[in-house]
Amino acid sequence: MANSETERVKCLIIGSGPAGYTAAIYASRANLKPLLYQGIQPGGQLTITTEVENYPGYADGVQGPDMMTDFEKQAARMGADIRFGLATRVDFSRQPYKVWIDDEKLIEADAVIIATGASAKWLGLESEQRLNGFGVSACAVCDGFFFKGKEVAIVGAGDTAAEEALYLSKICSTVHMLVRRDEMRASMIMQDRVKNTPNIKIYWSTETLEILGENRTESVRVRNNKTGEEQIIPVSALFVAIGHQPNSEIFKDWLELDEAGYIKTIPGSTKTNIEGVFAAGDVQDKIYRQAVTAAGSGCMAALDAERYLSEKGLH
Ligand code: NDP
């Protein structure tokens, strides 16, 4: 029996990155009257990035947060019902599918599009947790400003780490970049930019052991894995930029995930192992992980949902 906090929709979209908003644009235009819940970080990962140069259509580049505002506005203009709230539990055992928002409100949906993205990974050090918010951060763009003119460190060697190191180099006096192997994973163009920035100092084959400081970050203890030599680098902040974890936890009892936690979809589609439940964007893509590929798969999810609902006579 539905209570007053239960709402029934044709199409529920969970997540507000490029995949979620694109799904909302297409689903609205197909008259599915989608309801979209944004999650705890409206706009997703792009809201914590700076310049986006590789999204087609923005000839002069665009700031990540501005781009996501554009996506949201477009979805709203098409008629999507966009709300703030976090999906905390699901029951996909039978139609209509049940999704609880903030552990309170229940949404019953004929089709569900999951576009919950991925979140930053942490090193797993005790000191990292203790000093989180006190100099330890996973978002240089959010927190770099607080360390203007100071020495900071960044862990990681992918495109994110390279991008954030460059961002920090414009604000901070020195950026100590801690790279665990003797090479970087970042694209060559980003590596070159990092290597040619005088105030970025790269530490190769270097493991981050501990962040030191009582109430705030004061230094970082590292070890060179080739020589075994340890070193303490005085820094005011440590930025962690070591990749991401798919946000698939609440679906794990229902959907097939791969060993890293990404939702498995049938190749060439956004279909999951449960009919009527679709997955788009970074929560199901560990290979491409781009805004444009996420948006593309959001479009696919809305088309898949529309076809499913029509075939079932639900639309
Ligand atoms: P990646 O998975 O590409 O890189 C993670 C990096 O962190 C690797 O260098 C990895 O080292 C390192 N790392 C992982 N765990 C640890 C650890 N415990 N200690 C130290 N280092 C660690 O993640 P990114 O977030 O950088 O990028 C994700 C995807 O997004 C990529 O496909 C990337 O190309 C893309 N991207 C594109 C951008 C753009 O085009 N402008 C900007 C940002 C990201 P190791 O190499 O040794 O495994």
Side-chain angles (χ1 to χ4, degrees), residues 17-19 41 44-56 58 60-68 117-129 132 136-142 144 153-169 175-195 200 202-211 220-226 231 233 235 238-247 258-262 281-297:
Q41 190 178 26
Q45 289 181 77
L46 278 153
T47 58
I48 55 167
T49 192
T50 45
E51 183 86 3
V52 178
E53 292 179 332
N54 52 10
Y55 198 91
Y58 291 98
D60 300 319
V62 61
Q63 295 293 309
D66 295 343
M67 183 164 102
M68 294 326 294
S119 300
K121 277 188 191 166
W122 295 94
L123 294 166
L125 305 172
E126 181 279 324
S127 51
E128 174 186 53
Q129 268 187 19
N132 199 324
V136 174
S137 165
C139 178
V141 178
C142 317
I154 184 163
V155 189
D159 279 323
T160 303
E163 199 176 76
E164 297 205 337
L166 290 164
Y167 176 83
L168 292 167
S169 72
V175 181
H176 302 272
M177 188 167 185
L178 312 174
V179 177
R180 69 175 172 183
R181 290 185 294 134
D182 57 5
E183 60 178 328
M184 284 191 202
R185 186 184 292 267
S187 52
M188 283 318 290
I189 183 169
M190 295 301 281
Q191 288 194 36
D192 286 345
R193 284 186 198 168
V194 165
K195 288 173 187 167
I200 299 178
I202 303 172
Y203 297 67
W204 300 104
S205 307
T206 295
E207 194 180 337
T208 307
L209 300 176
E210 190 182 10
I211 305 139
V220 57
R221 186 161 64 87
V222 300
R223 179 177 54 219
N224 182 302
N225 281 334
K226 289 217 164 126
Q231 187 181 349
I233 311 167
V235 289
L238 177 97
F239 292 93
V240 179
I242 60 169
H244 295 85
Q245 180 83 38
N247 297 320
D258 73 5
E259 62 293 339
Y262 290 86
D282 284 12
V283 73
Q284 55 84 55
D285 172 21
K286 62 178 171 193
I287 299 170
Y288 302 105
R289 297 186 289 195
Q290 299 300 300
V292 67
T293 49
S297 73

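Start at 1 with the first residue, then count along the sequence. In each ligand, atom 1 is the first atom listed, and ligand 1 is the first ligand listed.
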With a 4.5 Å limit on heavy-atom distance, are the side chains of M190 and D192 in contact?
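Sidechains of D192 and M190: no contact.
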
Could you tell me if the side chain of N224 sits less than 4.5 Å from the side chain of W204, heavy atoms only?
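No, too far: nothing below the 4.5 Å cut-off.
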
Nearest non-hydrogen contact with [atom] belongs to which option: [options]?
{"atom": "atom 23 (O) of ligand 1", "options": "A161, G243, G158", "value": "G243"}
{"atom": "atom 37 (C) of ligand 1", "options": "D159, I242, D182, T160", "value": "D159"}
{"atom": "atom 8 (C) of ligand 1", "options": "E183, R185, E163, E53", "value": "R185"}

Reported OG-to-CD distance for the pair S297 and Q284, which is rounded to 0.5 angstrom:
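So the gap between those two atoms works out to 5.0 Å.
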
Nearest-0.5 Å distance that lies between atom CG in N132 and atom CG in L125
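Those atoms lie 11.5 Å apart.
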
Looking at V155, which atoms of ligand 1 are within less than 4.0 Å of one of its heavy atoms?
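Atoms satisfying the 4.0 Å criterion: 20 (C).
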
For H244, counting its heavy atoms only, list the atoms of ligand 1 lying under 4.0 Å from any of them.
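Counting from 1, the qualifying ligand atoms are 25 (O).
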
Relative to ligand 1, is N54 under 4.0 angstrom through side chain, backbone, both or neither, heavy atoms considered?
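Under 4.0 Å from ligand 1, N54 contributes side-chain atoms alone.
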
R181-ligand 1 polar pair, N/O distance under 3.5 Å:
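Yes: some nitrogen or oxygen of R181 is under 3.5 Å from one in ligand 1.
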
Using a plain distance cutoff, I'd like to know if L123 has any nitrogen or oxygen under 3.5 Å from a nitrogen or oxygen of ligand 1.
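No, no N or O pair falls under 3.5 Å.
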
Residue-ligand contact Q290/ligand 1, heavy atom below 4.0 Å:
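Judged by the 4.0 Å heavy-atom criterion, Q290 does count as contacting ligand 1.
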
Can you confirm whether more than 12 heavy atoms, excluding those of Q231, are under 6.0 Å from its CD atom?
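Yes, because the 6.0 Å sphere around CD of Q231 holds more than 12 heavy atoms from other groups.
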
